[in-house]
Each structure stands twice: as structure tokens, then as C-alpha cells.
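Written out below as C-alpha cells is the structure these notes cover.
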Amino acid sequence: MPAASTAVAATAPPIPTPLQYSETAIENAYQANRAILGEPAGSVECRADDYPCWQTFTSGGLYVLAEFRQPIAVSGATYLKWNTLGGLLGDKVGAPVGSMDCDADFNCQQKFHSGTIYAQSTGPAVLVPGEYWIYNSYANQLGWPLADPTCSFGSVCSQTFEHGLTYTRGTEQPAVTFGDVYTYYKANASALGGPYTAPGCSGRGCTQSFERGFVYSSPTRGTFTMTGAIQSFYHSSAQTGLGWPTSEEQCGLAGGGCVQHLEAGRAYWAPVVGPSTIGGGILSAWSSSGAERGALGYPISQEFCHSGLCYQRFQSGAFLVWSPGAGTQLTAGAIGAKFERYITYLGGPTTSQETCGLRSGGCVQHFARGRMYWAPGVGAWPIRGGMETTWRSSGAENGYLGYPTSPEYCRQDGTGCVQYFQGGQLIWGTGLGIEGGYAP
């Protein structure tokens, strides 16, 4: 009978302690990284008999952060910078989370728990904190960091890069500026304040908002700022059709005013009249009249376009009116004061000259669809069409009707119109034509 056999229970291999595992893993990793780490400067250590474990060398260290995780090497300038920030056990950047990534020129970057350290071969190692996530979105435009972030009161922090700058204000969304806008900003930072968001760029150039201004940067026109009331008016009044600024704001004009030149016009501000813009044929005519130092003074409104013509009011109360057939003409005084009310009725002036010396000291100005008459004690009133034809056949202002004392009033159904004069009225009705008669 065969002898009875005794069963032996299988036993699991012992689990290596963090120190045992790390000693083996670090030794293997050291052989592959010896050239960058140098000679050992101490033995393998672990924190409180648990991970992380590490070993330091003359030019770096190897770090095991968890069981079965391969050691991560930190060396050279990155290692020195990391240690000044507290190293593995500090709370500034924490443990490495990836290996060093270097280019052919030995410019290296390495990610840590709370940031990335960049080490250029020609400069110092610099930390980009983890919360500066905006850098990752604009790394190509910014280039490499040149200095650690600097912070001032109110949790305002900035960091400079080869071609730009990142900027944070407390819990607000981080901002970034770069390129020609950044070059301009460096020379004007105290006037502009910090940037918001990021430059908005197109084939035309780049624009960006700052605390105290808005920067426009064009490769052909240059880089300039809009600020204050001119900036607010330009953005809020749909004046951007005049193009980007081509100069800085220039002050010392008449009445303490300021001007900024635009691609297709100008923007003005003066204490008495506030901001305005002006362009095109109206600008040309106004400049010929002496601009803000002339009789018209500053523009006090934006340009309005209506019924195929464009017009703008000035400090004197006068209007410059542009129309395709007549160019830019002036209407002023009592006749000009009625211009806007009758713009659709008369159209634009066809001449800037009023003809005066009429009966009782009256004046007339010609418009595209009629005339406007004014006389002392009567005021300014328009007349056109059949009413004007019949009135002129009766002697116009020298006839029994005298000057018009009202506009033409017409029924809503189009069956009749009436206009009043000093000496009577003209009535037009369907089937009746125009009749003259004395006012009752």
C-alpha cells in the first residue's frame, strides 16, 4: 500500500514593502538616468513607511509615488527650482506627475501636481502654476515663461513670457495678451491697466479690452488706444463703420476738445457737447468751414441717414446734409431748425445759400423737392408740388397770399390737402384741383 501523501497549501509571495519595492525600482531607473542624475547622495527613503519614496542624487532625484508606479526623475535646473518651491513634501507644486520633456536644444518642461516648471537652456527655471490654464491655450503665441508670477494687492497676479503676458484678478477669468498688442501694452501698462480675456485677431489685426481702454492693432495702420467717452460712444453708437483708430487721442482743441483720427473719419469729444464722430463728405465740408474752430463748432450728434441722404447737426444748430445729387450742403438758422421735421417732405438742400432780401425781409432755401421760406413774424415753412405752382402763379410771397404760415395738411385717405398763408389758403381736393381763397 502506497504511503499517504501530505498536501502542502500554496502560499502567496510576500508583498514587498514600499521601501523594498522602491529600492528595486529606483535602482533600475537609475541605470537609465545616471547621466542626468549624478551620483547617489543618500539612500532610498519613504514617508512614514508608505509612499511616496525617493532617493536623491547629486543632480536630481527619483520618486516613486505609489505601488507598481515607475519612478519619475527630476533633475538639473528643474530639480533646483522645484526644491526652492518646497520639493516633494511642500504644498507649492507637489509631486511630479510626468517625466521631463525636452527638445533638441535642452529646453525642458515637467508637470507637477499644481503647476509646470519650464527650464530653458539659456535661462532660469520658471514655474507656471496649474491654475494658469489659459497659458496652455495660447502657448504658441506666448512662448516660454521668463519669470515666476508676481502678485500684488487684491490677488492680482501676472506672469511674463517671451511674447506676452498672463493676468488674473482674484476669481475672474484669467486674461492673456500677446503679439503687437503686448508690445504696445508694455509701453503703456500704467495708462491701460490690466487686460481682459484675450486679443481677438483676424486678417485685419487684433483688438483687446483693458481696464482703462481698448487697443486696436493693425499691421498696416499701427497700434492705438481708445479711451473714455470717445471709446464708449464709438462702441455703443454703431460708429465702427468709420474704421479703427489711426492715431492716439489728441487734446487741446477749441473749448478743451479732443480728437482721434479713424480710418474713414474722426472721433471728437468736447466738454460742452460730449462725444461724436464724423466722416465722409460731411467731414470734408466741415473741415473746409474751419472744423471745430469755424462757425459750425463741434458735431453734436452722430450722422443719420434717411430717405437717400445723410445729415449731421453741429454746435451752432446748423446741419450739413449730403445727398447723391447735391453733395454736401448747409442748412442753418430758422430754416435749418425745421430741416429734420420736413426731411421726407422736402429732401435735402440743393444749395448752401439762402436767398434773402425778399418781401418783408424774408429768405428762401431750395431743396430737392421744394423750398423753405422764412419771414419775420411768420417763421419758416415748406412748400412744394402743386401748392407751390399755384402759389407762385398768384405772385408767391408778393401776391395776395403772402408767405406760407403752415405746412401742407392732407387727409389720411388722400382725398384733400390744405395749406395756409398770410392772406388765405390753398385747398386741393379730388376732382377739384387747387383753389385759392381767403381764410375764413
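Start at 1 with the first residue, then count along the sequence.
- Contact record, G255 with P271: O-CD, 3.1 Å, taken as the closest heavy-atom pair.
- Distance check: Y185 OH to L165 CG gives 6.0 Å after rounding to the nearest 0.5 Å.
- More than 12 heavy-atom neighbours from other residues, nucleotides or ligands sit within 6.0 angstrom of CD on E248.
- The two residues A334 and A380 come nearest to each other via the heavy atoms O-CB, 3.7 Å.
- For the pair P404 and Q419, the minimum side-chain heavy-atom distance is below 4.5 Å.
- The main-chain N or O of K81 is found under 3.5 Å from a side-chain atom of T84 such that the two form a donor-acceptor pair.
- Atom CD of E408 is separated from atom CD of E388 by 11.0 Å, given to the nearest 0.5 angstrom.
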For side chain to side chain contact (heavy atoms under 4.5 Å, CB included), just list the numbers for L358 and Y373, CA-CA rounded to whole Å, side-chain angles, deciding distance to a tenth of an Å, and then say yes or no. CA-CA 10 Å; L358 307 185; Y373 283 84; 3.9 Å; yes
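- In this structure, S276 and Y268 have side chains that are in contact, with non-hydrogen atoms separated by less than 4.5 Å.
- Side-chain N or O atoms of T207 include none that pairs as donor or acceptor with a backbone N or O of V215 at under 3.5 Å.
- For Q365 (side chain) and T351 (main-chain N/O), a donor-acceptor pair under 3.5 Å exists by modelled atom type.
- The pair E211-R169 meets the salt-bridge criterion, with a side-chain N (NZ, NE, NH1 or NH2) lying under 4.0 Å from an Asp/Glu carboxylate O.
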Going by atom type alone, with no hydrogens or angles, which donor-acceptor pairs under 3.5 Å involve a side-chain atom of residues 96-108 and a protein atom two or more places apart or on another chain?
unit_1, atom_1, unit_2, atom_2, d
D103, OD1, D105, N, 2.9
D103, OD1, F106, N, 3.0
D103, OD1, N107, N, 2.9
D103, OD2, N107, ND2, 3.3
N107, OD1, S121, N, 2.9
N107, OD1, S121, OG, 3.4

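- Judged by distance alone, with hydrogens and angles left aside, the side-chain atoms of Q109 form no donor-acceptor pair with the main-chain N or O of Q120 at under 3.5 Å.
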Please report the C-alpha distance between L88 and L65 in whole Å, then the side-chain angles of each, then the deciding distance to 0.1 Å, and finally whether the side chain to side chain contact (heavy atoms under 4.5 Å, CB included) criterion is met. CA-CA 10 Å; L88 179 68; L65 304 179; 4.2 Å; yes
Starting from the C-alpha separation in whole Å, work towards a yes-or-no answer on side chain to side chain contact (heavy atoms under 4.5 Å, CB included) for T350 and Q329. CA-CA 7 Å; T350 58; Q329 305 294 338; 5.9 Å; no
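- For R384 and Y345, the positive end sits near the middle of the six-membered ring, less than 6.0 Å away and at most 45° from its axis.
- Contact annotation: the side chain of S158 approaches that of T150 to within less than 4.5 Å [non-hydrogen atoms, C-beta and beyond].
- The main-chain N or O of S301 is found under 3.5 Å from a side-chain atom of Q312 such that the two form a donor-acceptor pair.
- Note: Y182 and Y184 fail the aromatic proximity criterion, with ring centroids not under 6.0 Å apart.
- Under the 4.5 Å side-chain criterion, counting only non-hydrogen atoms from C-beta, T160 is not in contact with D148.
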Does T225 form a side-chain hydrogen bond (donor to acceptor under 3.5 Å, both in side chains) with T227? I'd like the steps, not just the answer. CA-CA 6 Å; T225 305; T227 61; over 6 Å; no
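- The shortest side-chain heavy-atom distance between F304 and I343 does not fall under the 4.5 Å cut-off.
- Aromatic pair Y298/F314: centroids not less than 6.0 angstrom apart.
- Checked against the 6.0 Å centroid threshold, F210 and Y196 do not count as a close aromatic pair.
- Distance alone, capped at 3.5 Å, places no donor-acceptor pair between the S232 side chain and the A229 backbone.
- With no hydrogens or angles considered, no side-chain donor-acceptor pair links T197 and Q173 at under 3.5 Å.
- Side chain of D180 to backbone of S217: no donor-acceptor contact under 3.5 angstrom is found.
- Between Y234 and G243, the shortest heavy-atom contact is OH-O, 2.6 Å.
- Across G279 and L242, no two heavy atoms sit closer than the pair CA-CD2, 4.1 Å.
- For Y135 and W144, the ring centers sit 6.0 Å or farther from each other.
- S289 contributes a side-chain N or O that, together with a main-chain N or O of W286, makes up a donor-acceptor pair within less than 3.5 Å.
- The environment of CZ in R359 is crowded: more than 12 heavy-atom neighbours from other residues, nucleotides or ligands sit within 6.0 Å.
- A donor-acceptor pair under 3.5 Å links the side-chain atoms of S352 to the main chain of L330, judged by distance alone.
- Atoms CH2 and CG, from W54 and L89 in turn, are 5.0 Å apart once rounded to the nearest 0.5 Å.
- Taking 4.5 Å as the limit, every side-chain heavy atom of V156 sits out of range of all side-chain heavy atoms of T168.
- Here the OG1-CD distance, from T220 to E263, works out to 7.0 Å after rounding to the nearest 0.5 Å.
- Partner W244 forms a side chain to side chain contact (heavy atoms under 4.5 Å, CB included) with one of M226, R204, R221 and no other, that one being R204.
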Take L127 and L85 through the side chain to side chain contact (heavy atoms under 4.5 Å, CB included) test and state the conclusion after the steps. CA-CA 9 Å; L127 169 69; L85 298 170; 3.9 Å; yes
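- The aromatic rings of W82 and F112 are tilted relative to each other, their planes meeting at an angle between 30° and 60°.
- Residues Q260 and P245 share a closest heavy-atom pair of NE2-CB, 3.7 Å.
- One distance of note links CZ of F178 with CG of L142; it measures 7.0 Å at 0.5 Å rounding.
- Between Q159 and P145 the shortest side-chain heavy-atom distance falls below 4.5 Å.
- Side chains of Y167 and V176 form no contact here, defined as non-hydrogen atoms less than 4.5 Å apart.
- Counting only distance, with no hydrogens or angles, the side chain of T389 and the backbone of G385 share a donor-acceptor pair below 3.5 Å.
- In this structure, F339 and F367 have parallel ring planes: the angle between them is below the 30° cut-off, well short of the 60° mark.
- Of all heavy-atom pairs between V273 and P299, the closest is CG2-O, 4.3 Å.
- Atom OG1 of T277 and atom CZ of R266 lie 12.5 Å apart (nearest 0.5 Å).
- No close placement of the W391 and Y403 rings is indicated, their centers lying 6.0 Å or farther apart.
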